[in-house]
Amino acid sequence: MTMKNSVVSSSRNPFGSVKYHASIASIGLLALNLAEATEIEERFNFGFQMPGTALTLDLEPPLPVRGEAFQIIVSGVANRVCPPINFDVATAAFVENSDFDSPSLRISADNRVCETRPDGTTQCGNFGENCDLADLPIAFSEALDVPVEFWNTLPVEADALTLHLVVSTGMQQLGSNPPVLDTTTAMWTREVDLLRGTHVIQPKLEAGLFVSDDHPREGVLVQQQGDRVVFYELTYGPELNASGDAFASWRYADATLSGNSGNGVYLKLSRPHPEMPDVIFETYTSSSIIVDDINQLRLLFDAAPRDPGVEMPYSFWRRWSFNQQSTQRPVLFPDFSGSWNLLRFAGATELAREPLTFDEGKRVGAERWQFQEIGAGGFMTCEVNSLGRGSCELSLEDSGAAAVFPIEGFNGNLAEGLFLPLDGANDDAALLLRQPLELPGDD
């Protein structure tokens, strides 16, 4: 067995010396959530003045060091309206705001106000800055400084940081007699893993058809290439259309993945009648995708303006295969092809790592598959039900190490779990990372 000691040395084998076996059923409820990335916050009305905006939130350095200043990079493309301006970072005062989970950091921005000029063209401006809609699409990027003092607002034990980007989109009239105005906002959030930087590892999806219990007669096709992902929903028949006046409609969205999610644009096309070949372009707004675990998604196709009080929920989708055979790995089981690194962490300190390679696996039960580790020996045994709930247990023969990885801890390229205790007191974190990917700070 080859092992790399990364930061500290230990008198014990960091991967263990005594085999410990536990029932997968007994640990199936263990949940270590992967950090999510840029997503549209569904609790808030979105859009109004910002349709078709794609946006990401990044950090420099990717894994901020406690006690040191860092930057937040807000970048994106404005396709239908001018991009937001006047970005600002709120620090100490914001983390006490009960509207959001703590620890948090708020980034605020303003949206440009648009007006129609005498010649009929539209121009948007704010605080003396102008933007002509004829210049769209417009790419934008802002680097915002977060001072050292920010760290004093966080609990010492804080392992995660939630970034909230709140864009004020002006005032909306809620009533006409008398008129009542209310500030409307667009919001994006990003979760940052301050402990080990797992938020930089993007998911790996398998292409194909995804289905949803909420939309039983529809389907979503998903395709990923690198950090880009497209997802499009197909609906046929007037009885399946919300307005009942279209023979078919196609909802297309794409996004750039950043960690476990992405935000992008949304297009809707429809064919009103089967004998009419013309396709009508309907809307152009924003979309969002969140990868929860193995081939299970949350999708938001149409982040369009809503009336106050109207929710904007994500829909849940899971990958489906119509040709499942006993020798074919179920779609809701992890894909262990290629090479991996098994990492052992105590807090933020990497204790050791070991390269692992698995075979194609075999079915050993109704909802159980087993993958043999080729180098160090041992097995990864996974038990997952038809809804994608379950866990995988790793047992290595050479070192006697054992670890458990809940399915909700997988994103296709990364799995987070725990090493099973050898002496009753061990709580080291186990990370399974697809090669050649690395966490920030790794050589």
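Computation of the quantities below employed the complete heavy-atom set of this structure, encompassing side-chain atoms and omitting hydrogens, waters and symmetry-equivalent molecules.
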Is the shortest heavy-atom distance from the side chain of L55 to the side chain of F140 under 4.5 Å?
-> yes
Can you list the steps and then say if L57 with V74 is a side-chain contact (heavy atoms from CB on, under 4.5 Å)?
-> CA-CA 5 Å; L57 302 175; V74 182; 3.8 Å; yes
Can you find a pair of side-chain heavy atoms, one from R298 and one from W317, that are under 4.5 Å apart?
-> no
Carboxylate-amine/guanidinium proximity below 4.0 Å for D159 and R196 | no
Residues W250, L267; criterion side-chain contact (heavy atoms from CB on, under 4.5 Å); working and verdict | CA-CA 8 Å; W250 304 272; L267 305 173; over 6 Å; no
Within the side chain of R344, is there an N or O that forms a donor-acceptor pair under 3.5 Å with the backbone of R353?
-> no
Min side-chain heavy-atom separation L432-F405 under 4.5 Å | yes
Is W151 reaching over with its side chain to a backbone N or O of E68, donor-acceptor style, under 3.5 angstrom?
-> yes
Without swapping roles, check the side chain of H199 against the backbone of D193 for a donor-acceptor pair under 3.5 Å.
-> yes
Within-4.5 Å side-chain heavy-atom neighbours: D293 and P406 = no
Closest heavy-atom pair, L257 versus P203, reported as atoms and distance to 0.1 Å, is CD1-CG, 3.9 Å
Show your working on side-chain contact (heavy atoms from CB on, under 4.5 Å) between I73 and L59 and close with a plain yes or no.
-> CA-CA 6 Å; I73 313 299; L59 299 180; over 6 Å; no
For the residue pair L136 and A78, what are the closest heavy atoms and their distance?
-> CD2-O, 3.5 Å
For V265, does its backbone N or O pair with a side-chain atom of S287 as donor and acceptor, under 3.5 Å?
-> yes
Check whether any side-chain heavy atom of R318 lies under 4.5 Å from a side-chain heavy atom of V211, and answer yes or no.
-> yes
Tightest non-hydrogen contact, residues T357 and S339, listed as OG1-OG, 3.7 Å
Looking at CG of N260 and CG of N411, how far apart are the two atoms once the value is rounded to the nearest 0.5 Å?
-> 4.5 Å
Does E233 come within less than 4.0 Å of K268, counting only side-chain N to carboxylate O?
-> no
At their closest point, which heavy atom of A430 faces which heavy atom of A403, and how far apart are they?
-> CB-CB, 3.9 Å
Separation between CZ (F371) and OG (S337), nearest 0.5 Å, reads 10.0 Å
Verify the distance criterion only: is there a donor paired with an acceptor across the side chains of R319 and N295 at less than 3.5 Å?
-> no
Check step by step if ring-ring contact (aromatic ring centres under 6.0 Å, His included) holds for F231 and Y252.
-> CA-CA 6 Å; F231 44 106; Y252 169 89; 8.1 Å; no
With a cut-off of under 6.0 Å to the ring centre and 45° to the axis, is R251 in cation-pi contact with Y266?
-> no
Compare all side-chain heavy atoms of V222 with those of L209 and state whether any distance is below 4.5 angstrom.
-> no
Check whether any side-chain N or O of R228 sits under 3.5 Å from a backbone N or O of Q223 as a donor-acceptor pair, and report yes or no.
-> no
Return yes if a side-chain donor-acceptor contact under 3.5 Å exists between T381 and E393, otherwise no.
-> no
How about S315 and S212: does a side-chain donor come under 3.5 Å of a side-chain acceptor?
-> no
Within the side chain of D292, is there an N or O that forms a donor-acceptor pair under 3.5 Å with the backbone of Q296?
-> no
Below 4.5 Å, heavy atoms only, C-beta onward: do D428 and L418 meet side chain to side chain?
-> no
Cut-off 3.5 Å, side chains only: do S288 and N263 have a donor facing an acceptor?
-> no
When rounded to the nearest 0.5 angstrom, what distance separates CG in D335 from CG in L205?
-> 11.5 Å
Start with the C-alpha distance between N341 and Q435, add both sets of side-chain angles, then the distance that settles side-chain hydrogen bond (donor to acceptor under 3.5 Å, both in side chains), and finish with yes or no.
-> CA-CA 6 Å; N341 281 322; Q435 296 184 19; 3.2 Å; yes
Rounded distance [0.5 Å steps], CG in D58 versus OG1 in T56 | 4.5 Å
Give a yes or no on whether a salt bridge exists between R106 and D88, defined as a side-chain N under 4.0 angstrom from a carboxylate O.
-> no
Verdict with reasoning, L105 to F150, per side-chain contact (heavy atoms from CB on, under 4.5 Å) = CA-CA 9 Å; L105 180 60; F150 164 71; 3.6 Å; yes
Worked check of ring-ring contact (aromatic ring centres under 6.0 Å, His included) between F336 and F358 | CA-CA 6 Å; F336 290 112; F358 300 93; 5.2 Å; yes
To the nearest 0.5 Å, tell me how far L144 CG sits from E60 CD.
-> 13.0 Å
I201 side, atom CD1; K204 side, atom NZ - distance, nearest 0.5 Å = 14.0 Å
Check: G226 main-chain N/O paired with Q202 side-chain donor or acceptor under 3.5 Å = yes
For the residue pair L431 and T198, establish whether any side-chain heavy-atom pair is separated by less than 4.5 Å.
-> yes
Looking only at non-hydrogen atoms, find the nearest pair between L414 and W340 and report the distance.
-> N-CZ3, 4.4 Å
Hey, are Q71 and D145 close enough side-chain-wise for a donor-acceptor pair under 3.5 Å?
-> yes
Residue pair L439 / L433: nearest heavy atoms and the distance that separates them = N-CD2, 4.0 Å
